[in-house]
Amino acid sequence: MKLLEGKTALVTGASKGIGRKIAETFAQHGANVAFTYLSSVEKGQALESELQMHGTKVKGYRSDASKFDEAEKLIGDIVTEFGTIDIVVNNAGITKDGLLLRMTEEQWDDVLAINLKSVFNVTKAASKIMMKNRKGVFINMSSVVGVQGNAGQANYAASKAGIVGFSKSVAKELGSRNIRTNVIAPGFIRTEMTDVLDPKVVEGWEQDIPLKRAGETEDVANACLFLASDLSSYITGQVISVCGGML
Ligand SMILES: NC(=O)c1ccc[n+]([C@@H]2O[C@H](COP(=O)([O-])OP(=O)(O)OC[C@H]3O[C@@H](n4cnc5c(N)ncnc54)[C@H](OP(=O)(O)O)[C@@H]3O)[C@@H](O)[C@H]2O)c1
């Protein structure tokens, strides 16, 4: 069964990692997929042709989610190209880690702008279309770190906790228009973002996870598929952890 037949989805930050797998899963399930990337231009372009084999409409956009005007333009361009937007996955994110005493203002500002302000930018622009349609779905990518904190990631944790408060508020504001807003809090998922970590540290973490393994991108993409589809039509304002039991 194709769960997203006839729907149009936007996935931000889909040139690699979790976003890429979400875009792929949505296309496999019949969605028309618009996606964004920023610095990985070649990967973004390659993904566009790769996803077209699923037979739905696919287009990649180079767009910085942290810039308010770019997000507005992006949503306008997608509506012109695809006709509408039914699902938005606010996935784009970065880390710029450091202990508080060493963290620079730039590290703080960059992470807050790309991880949190981006969610405001894209959600605000897309919600206008969804309100007219009187339906829509937002899925916002937080992290277990946003719930429990992590030494060396005060900026990242703050941005991810901010996403939870933002999403719960939007769920309350837009619920009456049949617009659902939920949050995914991944634990430790194997991607380029985590490939830079010391393998010994990773092994230690895996031992502390009740399911005794790191998550894969498809673990997160499958949760997104559920939240994007009508299977979750009575679920809004929730945080779903995809963390192998870490939380
Ligand atoms: N991996 C984990 O263990 C884990 C755990 C919890 C939460 N998460 C969250 O899950 C999301 C995806 O993480 P990931 O591990 O897949 O990371 P990743 O492999 O580093 O991919 C990040 C994606 O975000 C895009 N991006 C970065 N800045 C952007 C901007 N300003 N505008 C638009 N796109 C931008 C990147 O595009 P370009 O490369 O083209 O710039 C890339 O496609 C993030 O929000 C992350 O915080 C990840």
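The shown structure was predicted, so the numbers you read here are calculated from the model rather than taken from an experiment. In what follows, residues are counted from 1 in the order of the sequence shown. For ligands, and for the atoms within them, numbers begin at 1 and follow the listed sequence. For the numbers below, each heavy atom of this structure counts, side chains included, while hydrogens, waters and symmetry mates do not.
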Novice: Which residue pairs pass the side chain to side chain donor-acceptor pair (under 3.5 Å) test when at least one of the two sits in residues 39-48, sequence neighbours left out?
Specialist: K43-E192
Novice: What does the list of residues with a heavy atom under 4.0 Å from ligand 1 look like, ordered by chain and number?
Specialist: G13, A14, S15, K16, G17, I18, Y37, L38, S39, S40, S63, D64, A65, N91, A92, G93, I94, I114, M141, S142, S143, Y156, K160, P186, G187, F188, I189, T191, M193, T194
Novice: Is E72 paired with K128 through a side-chain N to carboxylate O contact shorter than 4.0 Å?
Specialist: yes
Novice: Less than 4.0 angstrom from a charged side-chain N to a carboxylate O is my criterion; do E173 and K168 meet it?
Specialist: no
Novice: With sequence neighbours excluded, what pairs up with K117 under the side-chain hydrogen bond (donor to acceptor under 3.5 Å, both in side chains) test?
Specialist: none
Novice: With sequence neighbours excluded, what pairs up with T123 under the side-chain hydrogen bond (donor to acceptor under 3.5 Å, both in side chains) test?
Specialist: N90
Novice: What class does the angle between the rings of F82 and Y61 fall in, given that below 30° is parallel, 30 to 60° is tilted and above 60° is perpendicular?
Specialist: tilted
